[in-house]
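Everything numeric here is computed off the predicted structure, so don't read it as measured data. Labels below follow one simple rule: chain letters A, B, ... track the order of the sequence lines, proteins then strands, and each chain is numbered from 1.
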Number of protein chains: 2
Amino acid sequence: MSDNFTRPQKQKDLSAAIAERIRQDILAGALVADDRLPSESELSEAHGVSRATVREALKRLAAQSLIRTKRGATGGAFVNRQSFEDAYAQMASSATLLITLNSVDIKTACEARFALERGCVRLAAKHRQEHHLDRMRAEIARQKDPELSDEAFCASDVAFHRALVDAAGNPVLSWQLAAAVEGIEPLMNMLTYRQRDRDAVISLHEAMVEALEARVGARLEILMDYLRDQTLRTALS
Amino acid sequence: MSDNFTRPQKQKDLSAAIAERIRQDILAGALVADDRLPSESELSEAHGVSRATVREALKRLAAQSLIRTKRGATGGAFVNRQSFEDAYAQMASSATLLITLNSVDIKTACEARFALERGCVRLAAKHRQEHHLDRMRAEIARQKDPELSDEAFCASDVAFHRALVDAAGNPVLSWQLAAAVEGIEPLMNMLTYRQRDRDAVISLHEAMVEALEARVGARLEILMDYLRDQTLRTALS
DNA sequence: GGCAAGTCAAATGTCTGACAATTTCACAAG
DNA sequence: CTTGTGAAATTGTCAGACATTTGACTTGCC
C-alpha cells in the first residue's frame, strides 16, 4: 500500500489544502488531460474561500506543471498532459539535486550510469530502428571534431547514449535513464579528456553502433563494460 | 520600477517571472539553505509588484519545496535544505504521474523494471553483504504465507527487489530503481497471482538469493530474465 | 446571404487595503 | 526570578476593484 505521507497540516494553509484536493482529483482520474477546471470564482465559492486563496492554490499546481492557464473568454485552468520533455526536466532536476546533496563521487555516478544502461542494451538490440543508428552516427561524427570542448564532447556523449536507450523502445526506460544521465552530467563535465581518451571512447561508440546494427546484445554488454572502465580511467587520471 | 532587460516570455505572468528570479538566486547560491528571504512587503516593493503577486510567486516556490514559510515575528520564507526524502519523493511522484498520465501498459512497465534491475545484479553480486541476504530471506518467508493478499505480496516483492538493488552498494542505483519501482507499483498491484504463479516467483527468489550469496552475477542475470518472463505471463493471463 | 468590423462578456492577471492568526520579544508586575 | 501581557512583525485570508486578453456575438455594409 502506498501510504501517502502527504498529510501535513489539514487545518493550516488553506491554499495548500485546496491545491491538494484538486491534485487528488487529477490523479484519481476525475479530471483528465485537457479538462477545464471550474473558474476561479466558482472554485472559491465551491470551497468557501476567497479568490486570492484559490489563485495561490492554482499557482502551486501550475508550478508542478499539473495545470496551465489561459486568459480570455474561453480561458481557465486546464489539466496538463505531462509531456516527456516536462518529465525529463523534472526528474533530471530531482536527480541532480540528489546527487549534489549526497555529494556522490564520480566513480559511483559512472558505475550507476553504465549499470542502468547495460540493462537496456538487449532490448535496444531487439527494437532498434534505422533512425536510432543515424542519430548515433551523427553524434560520433561530431565527437571526432578535435576542436570540440570537453563540455561539448560530453553533451554529444549524452546524446549518443540517449539515442541508444531510446532504441529500446520503452518510454519508461528512456526517461529513467535520461534523468540519471542528466543528473550526473555536472560531474561528467568536470572530466578532462585527453585526445587518446576521446579516441578510445569514439572507437567504442563505433563498435557499439555496429553491434546494435547487427542486433548482438551480448556484445553490447561487453562494450558497455569496456566503456565504463575507460571512463573510470579518465576520471581517475 | 520594471526593468526592461527582462528575458524572453517575460511579458506575461509576473508571478511566474518573480518566482523564476528568486529561484535563480537560490540555485545560483546567492541564497543558501535556511537563509531567510525578504518579507513579502519588501519583496513586493523590491520587484515593483503587489504583495498578492509576490505571494503567488512564493507559493510556486513552496510547491517545489524550494522554500518553506513560517508565521510570526521571526517568520518569513526560508530556503529549504533539500533533503534526500524531498528530492526522492519528488522523483517518485513524477514517475508515478508520468506512468498514469501517459497510460503506460503493464508490459512496458515490467520490461523497464527488470531491464534496469538486470543492470544492477553484477554489482550486487560483487558488493552484497550478509544483511542484504537476510532482508531478502525475510521477504521470501513472508511471501510464502498463502493468506497474503495480492497487494501485500506485491509489496513484499518490492521490498525483496529493493534489498537486491541496495546490495549493489550504489546510492544512485538505489534511488533510481526505487523511483521506477514505486512509479509502476500501481500497475503491479492490479496483478492477480494464482498460487502457481506465486510458487514460481518464490522459487526464483530463492534461487536469486543463492546466486547472490555465491556472488555469481551471470546466473542472477539469467534468473532475472526468467522472473521477467514469469511476471509477464502472470500479467497477460 | 456573406463578410468585416466593432462590441460584449467571461475569465485570468494585478492591485489595494484591510483584518486575522501566529510567533517572538521586551518589559512590567508580582 | 518568574510570570504574564502587550507590542511588533510577519504570513494567511478576505473583499472589491480595475486591467487585459480572447472568443463569441452583433451589427452594418455590400
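Under the 3.5 Å distance criterion, the side-chain polar atoms of Arg51(B) are left unmatched by any main-chain donor or acceptor of Leu43(B). Panel note: side chain Arg68(B), backbone Val79(B); a donor-acceptor pair is recorded below 3.5 Å.
When rounded to the nearest whole Å, the span between CD of Glu40(B) and P of dC15(C) equals 14 Å. Rounding to whole angstrom units, CZ of residue Arg36(B) and C1' of dT23(C) are separated by 13 Å. Look at CD1 on Ile18(B): it is 12 Å from C1' on dT14(C), rounded to the nearest Å. Protein atom CD1 of Ile67(B) is 11 Å distant from nucleotide atom C1' of dT11(D), rounded to whole Å. If you take CG of Leu43(A) and P of dA11(C), they are 11 Å apart, rounded to a whole angstrom. Atom CZ in Phe78(A) sits about 12 Å away from atom C1' in dG23(D), given to the nearest Å.
Remark: Thr69(A) is not in phosphate contact with dA11(C), judged by side-chain N or O atoms under 4.0 Å from OP1 or OP2. Listed pair Ser39(B) / dA9(D) fails the phosphate criterion, with no side-chain N or O lying under 4.0 Å from OP1 or OP2.
Taking 4.5 Å as the limit, some side-chain heavy atom of Leu37(B) sits within range of a side-chain heavy atom of Leu58(B). Using a 4.5 Å heavy-atom cutoff, the side chains of Leu227(A) and His205(A) are in contact.
Taking only side-chain atoms of Arg55(B), from C-beta outward, the nucleotide of dG13(C), dA11(C), dG12(D) with the closest atom is dG12(D). Across dT12(C), dC25(C), dA8(D), the shortest atom-to-atom separation from the side chain of Ala73(B) is found for dA8(D). The side chain of Thr53(A) approaches dT13(D) more closely than any other nucleotide in the set dT12(C), dT13(D), dT11(D). The side chain of Glu56(B) lies closest to dT14(C), out of dT13(D), dT24(C), dT14(C). Candidate nucleotides dC14(D), dC15(C), dA10(C) were compared by shortest atom distance to the side chain of Ser50(B), and dC15(C) ranks first.
At a cut-off of 3.5 angstrom, the base of dG12(D) holds at least one donor-acceptor pair with the side chain of Arg51(B). In the interface, the side chain of Arg71(B) is not paired with the base of dT23(C) through any donor and acceptor atom under 3.5 Å apart.
Nearest-nucleotide positions on DNA chain D place Glu42(B) closer to the 5' end than the other of Ala52(A) and Glu42(B). In this structure, Val49(A) and Lys70(A) both approach DNA chain D, and ranking their closest nucleotides by distance from the 5' end singles out Val49(A).
Counting any heavy atom pair closer than 4.0 Å across all strands shown, Arg68(A) reaches no nucleic acid atom.
Comment: Glu139(A) does not engage Arg162(A) in a salt bridge, judged by the lack of any side-chain N to carboxylate O separation of less than 4.0 angstrom.
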